[in-house]
Visitor: 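Supplied in structure tokens, the structure appears directly below.
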Amino acid sequence: TTRTPEFLGLDKAEGLVPEMNTEGDVIVGVLDTGVWPERSSYSDAGLGPVPAGWKGMCEQGTNFSASACNRKLIGARFFSKGYEASMGPVDESRESRSPRDDDGHGTHTSTTAVGSSVPSASLLGYAAGNARGMAVRARLAVYKVCWTGGCFSSDILAAMDRAVDDGCHVLSLSLGGGMSDYYRDSVAIGAFTAMEKGVLVSCSAGNAGPSANTLSNVAPWITTVGAGTLDRDFPAYVSLGNGKNYSGVSLYSGKSLPDSPLPFVYAGNVSNSTNGNLCMPGTLIPSLVAGKIVLCDRGINARVQKGYVVKTAGGAGMVLANTAANGEELVADAHLLPATGVGEKAANTIRSYVLSDPNPTATIVFSGTKVNIRPSPVVAAFSSRGPNSITSEILKPDLIAPGVNILAGWTGAVGPTGLAVDSRRVEFNIISGTSMSCPHVSGLAALLKGAHPDWSPAAIKSALMTTAYATYSGGEGLLDVATGRPASPFDYGAGHVDPPRALDPGLVYDITPEDYLDFLCALNYTSLQIASVSKRSDFKCSGERTYTVSGLNYPSFAVAFSTASGSGVSSSTTLTHERTLTNVGPAGTYKATVVTSAGDGGAVKVAVDPNVLEFKAAGEKKSYKVIFTSGSMPSGSVGFGRLEWTDGKHVVASPMAFSWT
Amino acid sequence: EMKKKKTYIIHMAKSQMPASFSEHQHWYEASLTSVSSSAEMLYSYDTVIHGFSARLSPAEARALELTEGVISVLPETRYELH
């Protein structure tokens, strides 16, 4: 990726990685649409031999030779039996029955995570810079499980089985399948054993935001990643005939529009179709569109397809209007004609102008790539949100990472829009989604694994979470594109990832497989359900013990106060959660501070006991209790806070989310 | 019934393999053919889950659920890229 390494401070981070760093031996497995091995991002220049013990391989297949692998791309496999059993044979005229990526998504995510450095990368001149993955020295193994018709769980499980067996240390899955309980969710099931074998599993949180309760991949043994923006933009503003200008974004790179404004029409008025405003194929009347700029509303068909529809109808340009569903979210596209996307507010004003002015005109002015955009990061509107609908007492997402307008490697099979008519071929493309933020964290996890080979997946996840930031440098809370107001831990979890600090977190919240089994007992899972998840068919929850979800040593807190039944108002309640911190840094004395302010957080009194922890040696563990006392609150209230331990150098921060049900 | 075959993920209790079998794979195959002469095994798994996936009719899936050593029979789900 370009710009992200600077935005994340990776240049600083590398200074922190101890010389004995074994990043070059860390292997990231990416389960996705495959790989385009010829890309420069898979260069193995400067890499040592393939790590000893590696059992993966490069599978021969259509358009993919076993010699396509090298010391960077050390494994490439494909899994299609499940897909073909349900959807029929792979259509070899459209996709390769091999690890070859005919879509682009897998090349994008794998190069984001561990791509080698490529100077002067860009998408048609946009987002130019040195492109590199998060962990440039880590190795890559690709497991193709996603095909045109989707990603089927029998294939995903086969790939996870293989990837763990092959010797991957991190698995990256930018895919999701709704919200089912852990014992029914194949990714959660596969991830449990992967975790037991020391493999960190990082997954995308989903793109169903900004509505609440829309998360995917919420198992506590998975790292669940939401998306935020970078400090980079691609401004392309609309200039109307009435002299007003409205900002938008675009990656259009062809001939500019003429300087003089062009006639401007609303798609709904140049169509015979009921939903002609959406610029769907065959709905625009060429004689009314030719040579004009068309205002299209977002919805139903792909944004870039709308541009193509306007182009084929003879339109000169397109202004793409956000609706309430997308709010002010501006995602840039490599349109096939001069086009720009504008936020909902601007869209409504522009639509009023084009519908009311007797002779509406407009033009679009493209300004290329701008950096140092503020405020940034901002939580992406599309990023799925909590609360966690499977287990409300586990706060998800865990954290956010860059996921908007991310440049990374691309397939050679389709153009940057993915449209069949797009004959352009690019080495890098810019796309958005939690699919893009997940591999950022997968690559950063590999970086941490290289620096701390003995850390468990939970310790790595803890380091990434407790060092994440939830405020801008001036102290204001991270904003949410969807509201324009400060976001909450239900939106960003612990906050935005901060690699230099994650490499030296001071203390971590570690969790063992047995702790997760206790968690499943706390969920009142049956033995069969626990066996499905954990493969322990003889495990029984103890009748003598009391299991609590809040007893899981999670690096964040989600506290659910229950109201007296039917009253709608909670009585005063006291809840106690216990946590254990492991020292992974020098000896030090840590003091606890608590801030409860956001929302109804002020209604909760939080006491930490003890509130001073003295660590004398690395590896030492200390426990503490957090006592939450809530006054009476109406059901449905929500509040937030933050608990921080600091020794003056390290800050070990945990978000707290309070809800009254 | 036969046309309604779907893919199922079958979780097996590895430790309950009968002594008459030396390989889990063979036990899985025998379990499968005990409910269906035509069922096709897609994958067998041995690391992140213990079991296999196969194309079954709903009735065959229900019958397999009652077979010794079967922990659960879950319908396959389709995931989407984010």
Visitor: Scan the side chains in residues 150-163 of chain A for donor-acceptor partners under 3.5 Å anywhere in the protein, sequence neighbours excluded, and list what turns up.
Guide:
| unit_1 | atom_1 | unit_2 | atom_2 | d |
| --- | --- | --- | --- | --- |
| A:Ser153 | OG | B:Thr77 | N | 2.9 |
| A:Ser153 | OG | B:Thr77 | O | 3.2 |
| A:Ser154 | OG | B:Glu76 | OE2 | 2.4 |
| A:Asp155 | OD1 | A:Lys81 | N | 3.3 |
| A:Asp155 | OD1 | A:Gly82 | N | 2.7 |
| A:Asp155 | OD1 | B:Tyr43 | OH | 2.4 |
| A:Asp155 | OD2 | A:Gly82 | N | 3.4 |
| A:Asp155 | OD2 | A:Tyr83 | N | 2.8 |
| A:Asp161 | OD1 | B:Thr47 | N | 2.8 |
| A:Asp161 | OD1 | B:Val48 | N | 2.6 |
| A:Asp161 | OD2 | B:Asp46 | N | 2.9 |
| A:Asp161 | OD2 | B:Thr47 | N | 3.4 |

Visitor: Which region of A:Ser80, side chain (C-beta onward) or backbone (N, CA, C, O), has a non-hydrogen atom less than 4.5 Å from a non-hydrogen atom of chain B, or is it both or neither?
Guide: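 Contact with chain B involves the backbone of A:Ser80 alone.
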Visitor: To the nearest 0.5 Å, what is the distance between CG (A:Leu31) and OH (B:Tyr79)?
Guide: 12.0 Å
Visitor: For the candidates A:Gly206, A:Ala208, A:Ser384, A:Ala227, which exhibits the highest count of non-hydrogen atom pairs separated by less than 4.5 Å from chain B?
Guide: A:Gly206
Visitor: Can you tell me which portion of A:Asp538 sits under 4.5 Å from chain B's heavy atoms? Options are side chain, backbone, both or neither.
Guide: neither
Visitor: So what's closer than 4.5 Å to chain A heavy atoms on B:His82: side chain, backbone, both or neither?
Guide: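 Contact with chain A: backbone and side chain both.
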Visitor: With rounding to the nearest 0.5 angstrom, report the CG to CD1 distance, B:Leu74 to A:Ile189.
Guide: 6.0 Å
Visitor: Please output the side-chain donor-acceptor pairs of residues 173-182 of chain A that fall under 3.5 Å, not counting sequence neighbours, one pair per line with the distance.
Guide:
| unit_1 | atom_1 | unit_2 | atom_2 | d |
| --- | --- | --- | --- | --- |
| A:Ser174 | OG | A:Ser435 | O | 2.8 |
| A:Asp181 | OD1 | A:Tyr525 | OH | 2.4 |
| A:Tyr182 | OH | A:Thr391 | OG1 | 2.6 |

Visitor: Select one option (side chain, backbone, both, neither) describing which atoms of B:Ile9 are under 4.5 Å from chain A's heavy atoms.
Guide: side chain
Visitor: Does anything in residues 102-112 of chain A reach chain B? List residues with heavy atoms under 4.5 Å apart, or say none.
Guide: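 So far as heavy atoms go, A:His105 are the residues that approach chain B to under 4.5 Å.
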Visitor: Is any side-chain heavy atom of B:Ile49 closer than 4.5 Å to a side-chain heavy atom of A:Thr193?
Guide: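 No, side chains not in contact.
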Visitor: So which part of A:Ser527 gets closer than 4.5 Å to some heavy atom of chain B, the side chain, the backbone, both or neither?
Guide: neither
Visitor: With heavy-atom distances below 4.5 Å as the criterion, would you say the side chains of A:Ser537 and B:Met12 are in contact?
Guide: no
Visitor: Quick check on A:Phe192 against chain B: is it the side chain, the backbone, both or neither that has a heavy atom closer than 4.5 Å?
Guide: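 Neither part, no heavy atoms under 4.5 Å.
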Visitor: Within residues 528-536 of chain A, which positions have a heavy-atom distance to chain B below 4.5 Å?
Guide: A:Leu528, A:Ala531, A:Ser532, A:Lys535
Visitor: Checking side-chain contact (heavy atoms from CB on, under 4.5 Å) for the pair B:Arg55/A:Ser86: CA distance, chi angles, key distance, verdict?
Guide: CA-CA 9 Å; B:Arg55 297 288 288 179; A:Ser86 293; 3.3 Å; yes
Visitor: Measure A:Val199 against the heavy atoms of chain B and call it side chain, backbone, both or neither at under 4.5 Å.
Guide: neither
Visitor: For the CD atom on B:Gln16, are there more than 12 heavy atoms of other groups (residues, nucleotides or ligands in this structure) within a distance under 6.0 Å?
Guide: yes
